[in-house]
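As a basis for the values below, the full set of heavy atoms in this structure was taken, side chains included, without hydrogen atoms, waters or symmetry mates. Letters A, B, ... mirror the listed sequences (proteins, then strands); counts begin at 1.
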Amino acid sequence: MGAQVGTAQVGTAGVGTTEAGPPPVRSARAVWRRVVADRPAVFGMVFAGLAVLVALAAPLLTMLEGQDPVTFHPELVDSARGGVPLGSFGGVSADHWLGVEPQTGRDLFARTVYGARISLLVAVGAAVVQVGLGVLLGLAAGLGGRWLDNALGRLTDLVIAFPSLIFSVALLAIVPDSFPRPLLLMLIMGMFGWGGTARIVRGQVLSLRSRDHVAAARLAGATPTRVAFREILPGVVAPVLSYAAILLPSNMISEAGLSFLGVGVRPPTPSWGQMLSKATTWFRGDPLYVLVPATLLFLTVLSFSLLADGLRTALDPRATGVARRAE
Amino acid sequence: MKRKLVLLSVAAVAGSLSVACGGGGATASGAFDPATCQGGTLTVLNQRDQTHLDPARLYTSGGGNIPSLLFRTLTTRTRAGGQEGTKVAPDLATNTGEPSDDAKTWTYHLRDGLKFDDGSPITAQDVKYGIERSFSPELPGGAPYLRDWLVGAADYKGVYAQPEGIAAIETPDERTIVFRLRKPQGDFPYLATATQFSPVPKAKDTGTNYENKPVSSGPYRIEKYEKNKDLLLVRNEHWSRSVDPNRLGCPDRIEIHSGLNAAVINQRIAGGAGADANAVTTDTQLGPDELARLDGDPELAKRVAKGNFPYTWYLSFNTTKAPFDNPKVRQAFTHAVNRQAVVNAAGGSSLAYPATTFLPEQESMGFRKYDFYPAGATGDPEKAKQLLAEAGFPNGVEVTLAHSTHSGEGDGPEVAAALQDAYKRAGITVRLQGIDSASYSTTIANPATQPQIAISGWGADWPSGGPFLTPVFDGRQILASGGNFNLAHHDDPAINAEIDEITRITDPKQAAKRWGELDEKLGQKALVVTLFHGKDAALTGKNVKNAFVSDWTGKYDLTALSVK
């Protein structure tokens, strides 16, 4: 979660607006053209799309394989050697495409695709909470009076500077098990991750609120709510969108970190972070067990980061380099 | 209380919760000759330090591993591999004790020429003083049995509050000590191996500070001690093999380093660089990484000391409450258990073996094979479903299973997940309730907070059926206010009477047979689901010799190891 603090600052610097220029709005087609011209972004888009697809189709894929993520297969591991999977490459076979988990013999492919569900679900859910809170509080700070702006400004500082990892671990440890874990993870990560979005939105609002079209709407008698949502909000969509794309991989890392520390989703529900955590003691005995979740986590986070970067560049009116290359 | 203490004792003595060895095979890497084994420095790499270095505060089984280097006791465990090592041997005394008055009086005579590390002679009065010290509320932690066993000792407050001592411990002369007990206790020689039976010179007693510089009666004395870090031992010049037939005392120095990580310990001993070639550990099992390597690395495989420390892991339920008041439900849970998956979850067949009996498979415990509600290797869900239907649960049951959150332990989340999977096949829905390992045992031992089902472990303080079965199944041991280990809340007057009867027997062999028969009777009642018995496997350094493992401790014996 510490990573969010870092990305928040990068994001602020990268998508911050200048006093002068018009609101950075481009047509969706132009943005798409710029993104597809950016090769790393295309790779990111394809792989991230694939990951989402796999996660959505997890029950279908495991049905195809004929396995499920929770059934034990004690006959597939070598009990005398501490439970290492029998056979080469961690027990890879026609029945078990990625082999089986040491000790339990649970199917690794099934656990991996179901793990993708948790990892992505929590990352997206947390991003929704983060962006939702960030936009609301950013709007309020930018449009409210000086007093409200100051108060929210300090609150944002507090949230960004907060040692959220330690607090999350403590919080996750005391909430009863009956509360759904993925939802809890989303809420906790959302609660600590809205600071960056709020700052970007506030900055954008400050520059937008003195624009002519906003003044015109005010003079025409529009209510403050209407001004906020109809005149100002569209102007903050682009920077928020590219920032949200940065939040996704950062959230995935956070979920993996919390699951690694044993406070994430509860067994037998698989998640990539949890798989990694269990795999650490097996790195010599069964390397594939470590490599599968580690590689997937790495590639997925990288993909989302590349996609986010491409999106940011495409949406930023000052970054013309990519556009020129495209032409 | 006792269970917790048992666990502490293992930590203090062998330093391992995870239990010891079955075969008792020797793993010496070369010719070992006790006559020429002296010299060198033995290194001990451990995760945990001793809880205390005061003999009154150490809760040991058989005198402990590290404590036995410093403290001699009236009796001790026989230093030999396998079942031979489960026998009691005389230590300070000339024999294992002379019973009289229906095993209610036990008399010991001390050997000639016994000396402390300052050269002063060891007397029967020093042994009496050491035992009475352990009753002091300032020095808690030792084995609790004597308070219950000795006549008139229940309210004794220790040597500082009541210097007159305990009348039931008599010392008619400097070499004789007599114990008078309330009830017959055939197991007294086993208890006399506990570290609280070691001598303490009254003149050197500094109360709670004594553990900073305890007087040694064993082959080594303390050169330097830094808590949770280093304990450096050198030879005690006033000790010799002529007055101690049990300990060899081969190395000139023993350096004990604690506070290390289990994986680090295993890697260092396996690697064997520099001083690590002379290293051993008394509290760390082989990890999965080492187990997986053993097949392809015969040199490493040769350095694994395997054994069995008598320890049983089982599923406990309160049989006075629904649905477990119904024997059919308990039988169904026994039929449905998948012991192969459970053993794998506990580290595989090198570290555990499936248990259908409460007593571990050891002769000295009185092991008697039975399996009344067979589950086979992987469970019999159909039979379980049928029994549940007969019990009035045709659609299965839903229960909450408590386990410790400590990963890798016998009561940890891995074993719980294996049970959850097995029971699902029998139509039993298991919700898992992880409880922090620090409070786990106190939570399940308190009837007010005892969960519906819990994974429980039990180790004995000495290798006999008594301390194994009595606290867990004797109806008079149910404690309503906590510290209760009769988790089944089982109270059968016939069983209680039988326990009293066996306790009188002073011949270990005869008693063992009776404990085995009692275990079988209890097994028929399906009061618990036995899961597995622990095994022990620990590495020794490349130069370490004479690493035999007894069935009492499950560990190699530090007083026998040589690095020369």
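Side-chain N or O atoms of B:Ser349 include one that pairs as donor or acceptor with a backbone N or O of A:Ala80 at under 3.5 Å.
The nearest pair of heavy atoms linking A:Phe72 to B:Ala341 is CD2-CB, 4.1 Å. Heavy-atom minimum distance, A:Pro74 versus B:Gln340: O-NE2, 3.3 Å. In plain terms, the two heavy atoms of A:Val77 and B:Asn344 that are nearest each other are CG2-ND2, 3.3 Å. Annotation for A:Gly82 and B:Leu291: closest pair CA-CD1, 3.7 Å, computed over non-hydrogen atoms.
Summarising the local packing, CZ of A:Phe298 is surrounded by 12 or fewer heavy atoms from other residues, nucleotides or ligands at distances under 6.0 Å. Around the CG atom of A:Leu158, the shell of radius 6.0 Å holds more than 12 heavy atoms that belong to other residues, nucleotides or ligands.
Interface remark: B:Ala263 contributes no atoms to any contact with chain A (heavy atom separation under 4.5 Å). Contact of B:Arg425 with chain A is made through the side chain alone, with heavy-atom distances under 4.5 Å. No part of B:Asp436 comes within reach of chain A, as not one of its non-hydrogen atoms sits under 4.5 angstrom from that chain. With a 4.5 angstrom heavy-atom cutoff, A:Thr104 does not touch chain B via any of its atoms.
Residue B:Arg293 holds its CZ atom at 12.0 Å from CZ of A:Arg81, rounded to the nearest 0.5 Å. To the nearest 0.5 Å, atoms OG1 (B:Thr378) and CD (A:Glu75) are separated by 8.0 Å.
In this structure the side chain of B:Gln420 never reaches within 4.5 angstrom of the side chain of A:Val70, judged on heavy atoms.
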